[in-house]
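Worksheet: the structure to be examined is printed underneath.
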Amino acid sequence: MDRRSFLKTSALGGTAAAATTLAAPAYAQGKRTLTMVTSWPRGFAVLDDAATYLNNMVNEMSDGTLTIDKKAPGELVGAFEVFDAVSSGQADMYHSADYYFIGQHPAYAYYTAVPFGGTAQELTNWYHHGGGHDLHNELGEIFNLKSFLAGNSGSQSGGWFRNEIKSAADFNGLKFRMPGLGGKVLGKLGASVQNIPGGELYQALSSGALDGLEWVGPFADERAGFQEVAKVYYTAGFHEPGSGLACAVNLDVFNDLAPAHQKIIEYATMATTHIQLAETLANNGAALSRLQQQGVKTMQFSDDVWDAFGKASAEVMDENMGDELFARTRESFEASLTSSAEWLSKSDAFYVEQRERVRANM
C-alpha cells in the first residue's frame with residue numbers, strides 16, 4: 001500500500017476526520033498560522049531555544065503574514081508523537097531530532113547523528129553541498145513531509161554515570177538512555193537501552209529508573225540539573241559528534257504555501273542551525289566549569305572502550321544495509337565525510353593542535 005494513501009486514511013491520535021480538521025491551517029485577514037509540535041519542554045536550553053528561534057524568525061521574516069503556534073509535548077501530542085502527527089496532518093509541522101524516528105525508517109538517523117559520523121560542520125557540508133537535503137526530501141516524501149535541518153547542538157557528551165566506565169563490560173546490564181543508532185550500539189554491549197523524552201530524564205535518573213544517560217552537552221545538561229544526581233561525566237561520545245535538529249512540514253501544507261512563505265521557512269531553518277550551534281558552543285565552556293565546581297568529575301572513555309564502540313557501531317550500521325534508501329544515504333554521507341576530512345585534518349585540526357601548543361608558551 002502507498003504510504004501516503006495509508007496515512008491519509010489511518011487514525012493517529014484520533015479519527016482520520018479529526019486529523020483532517022486539525023490539519024487545516026488557520027487563516028485570519030490574509031494571515032496564516034501553522035501549528036508546530038515539538039519534542040522539547042518549554043525553556044529547555046539549546047533544543048527549545050532552537051524551536052523558539054525558528055518560530056520568531058518565520059514571524060519576523062514574513063512581517064507577520066506567516067506565524068507559528070508552537071506546542072510543547074503534551075499540549076497537542078507527546079514528544080515522540082510529533083512525526084506521526086505531522087505526517088498524518090494532525091499538526092502542520094514539527095521541530096524535533098529525526099533520529100527519534102528510526103522506527104519509521106533507519107535513514108532518519110543521518111539527519112541527527114550516526115555513530116562515528118560527522119561533526120556539525122561536516123553534517124552541514126553534506127546536507128547543503130553533498131546531496132543530503134535531496135535525500136532528506138526523498139525520505140520525507142514517503143511520509144508526506146517536507147524536511148529541513150533546523151539546529152545543531154555540536155558534539156554531544158558521552159553521558160552521565162553514577163560510576164566510572166572502566167571497560168566495555170561495565171555497560172552490560174546498565175540502564176541507559178540513548179536514542180538513535182547509538183542506543184543500538186550500547187545494546188550490543190549489553191546495556192538496557194531506553195528512549196525517554198527529555199522532560200522525563202531528571203526524574204528517571206534521580207529515581208534509579210536509569211543508571212545513566214546522555215543528553216546534549218554542558219550548557220543544556222546543567223540546565224536540566226543532572227549534576228545533582230550523578231557526578232561522573234564523560235565529555236566525548238561516539239554517538240553524536242554533531243547533532244542536527246530537524247523541522248518537517250506536512251507536504252500538502254507546504255505545497256499549499258505561497259512560494260515566498262516556503263522560502264521563509266527554508267531560510268529560517270538555515271539561520272536556526274547557524275545561530276543555535278553558536279549559542280551552544282559559546283556557552284558550553286563556562287557551563288562545564290560550573291559543573292566541575294559542583295563536584296562533577298569529567299572523564300574520557302579509554303581506547304579499549306572506544307574500540308568496542310567502533311566494533312558494535314559497524315555491526316549496527318551494516319544491519320540496515322538491506323534497505324536501499326539507507327544504503328544510498330550512507331554511501332552519500334560517508335563520501336562527503338571522506339572529502340571533508342581530507343582537508344580538515346590538514347587544516348583546522350592541525351591548526352588547533354599547533355595553536356594550543358603555541359598559546360601554552362606565550
Side-chain angles (χ1 to χ4, degrees), residues 38-53 72-73 79 97 112-113 119-121 151-166 170 174-179 182 196-245 272-302 305-306 352-353 355-357 359-360 362:
T38 76
S39 296
W40 327 120
R42 294 186 184 276
F44 255 41
V46 177
L47 307 174
D48 187 56
D49 289 349
T52 299
Y53 184 85
T112 303
T119 63
Q121 186 61 62
N152 196 300
S153 66
S155 178
Q156 296 206 357
S157 64
W160 294 88
F161 297 80
R162 300 186 190 280
N163 301 299
E164 295 181 20
I165 299 296
K166 297 180 179 178
D170 290 337
L174 199 72
K175 294 175 292 185
F176 199 83
R177 183 267 185 190
M178 180 180 285
I196 299 174
E200 302 173 17
L201 290 178
Y202 181 91
Q203 177 60 30
L205 186 62
S206 60
S207 70
L210 289 175
D211 298 316
L213 58 84
E214 66 78 39
W215 183 226
V216 180
F219 180 48
D221 293 7
E222 178 191 32
R223 185 88 63 89
F226 301 136
Q227 70 276 11
E228 298 171 5
V229 289
K231 295 297 184 182
V232 178
Y233 191 42
Y234 284 83
T235 54
F238 73 95
H239 58 302
E240 296 187 46
S243 302
L245 303 176
T272 299
T273 298
H274 175 72
I275 293 296
Q276 189 255 317
L277 175 61
E279 177 202 28
T280 305
L281 299 182
N283 286 282
N284 272 345
L288 182 62
S289 295
R290 291 191 296 268
L291 291 174
Q292 291 171 321
Q293 291 167 13
Q294 296 175 66
V296 171
K297 184 178 182 180
T298 56
M299 303 190 68
Q300 301 288 6
F301 296 116
S302 63
V305 173
W306 277 95
V352 170
E353 179 183 348
R355 182 192 67 192
E356 294 309 297
R357 180 186 65 80
R359 287 181 68 240
M362 288 175 67

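- What you find for Glu279 and Phe219 is that their closest heavy atoms are OE2-CE2, 3.8 Å.
- Atom CG of Leu281 and atom CG of Leu277 lie 4.5 Å apart (nearest 0.5 Å).
- Counting only N and O atoms by type, the side chains of Thr298 and Gln292 include a donor and acceptor under 3.5 Å apart.
- Taking OG1 of Thr112 as the reference point, atom CG of Asn152 lies at 9.5 Å (rounded to 0.5 Å).
- Taking CG from Asp49 and CG from Asn283, the interatomic distance works out to 9.0 Å, rounded to the nearest 0.5 Å.
- Atom CZ of Arg355 has more than 12 heavy atoms from other residues, nucleotides or ligands within 6.0 Å.
- Across all non-hydrogen atoms, the minimal contact from Asp221 to Ser157 is OD2-OG, 3.6 Å.
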Evaluation steps, side-chain contact (heavy atoms from CB on, under 4.5 Å), between Leu205 and Arg162: CA-CA 9 Å; Leu205 186 62; Arg162 300 186 190 280; 3.9 Å; yes
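- Taking all atoms of both residues into account, the shortest heavy-atom contact from Pro41 to Pro73 is N-CD, 3.8 Å.
- In this structure, CG on Leu245 lies 5.5 Å from CH2 on Trp40, to the nearest 0.5 angstrom.
- Scanning for side chain to side chain contact (heavy atoms under 4.5 Å, CB included) contacts around Thr280 gives Val46, Gln276, Asn284, with sequence neighbours left out.
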Return a table of donor-acceptor pairs under 3.5 angstrom between the side chains of residues 209-218 and protein atoms on other chains or two or more places apart.
{"unit_1": "Asp211", "atom_1": "OD2", "unit_2": "Lys175", "atom_2": "N", "d": "2.8"}
{"unit_1": "Glu214", "atom_1": "OE1", "unit_2": "His239", "atom_2": "NE2", "d": "3.2"}
{"unit_1": "Glu214", "atom_1": "OE2", "unit_2": "Arg177", "atom_2": "NH1", "d": "2.8"}

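- Side-chain contact check for Tyr202 and Glu228: at least one donor-acceptor pair (N or O, by modelled atom type) lies under 3.5 Å.
- Of all non-hydrogen atoms in Gly43 and Asp48, the two that sit nearest each other are N-OD2, 2.9 Å.
- For the atom pair Leu288 CG and Tyr233 OH, the distance stands at 7.0 Å (nearest 0.5 Å).
- Atom CE of residue Met299 and atom NZ of residue Lys166 lie 8.5 Å apart, to the nearest 0.5 angstrom.
- Checked against ring-ring contact (aromatic ring centres under 6.0 Å, His included), Phe161 has the following partners two or more places apart in sequence or in another chain: Phe176, Tyr234.
- Across all non-hydrogen atoms, the minimal contact from Gln227 to Gln294 is CG-OE1, 3.4 Å.
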Verdict with reasoning, Phe226 to Leu291, per side-chain contact (heavy atoms from CB on, under 4.5 Å): CA-CA 10 Å; Phe226 301 136; Leu291 291 174; over 6 Å; no
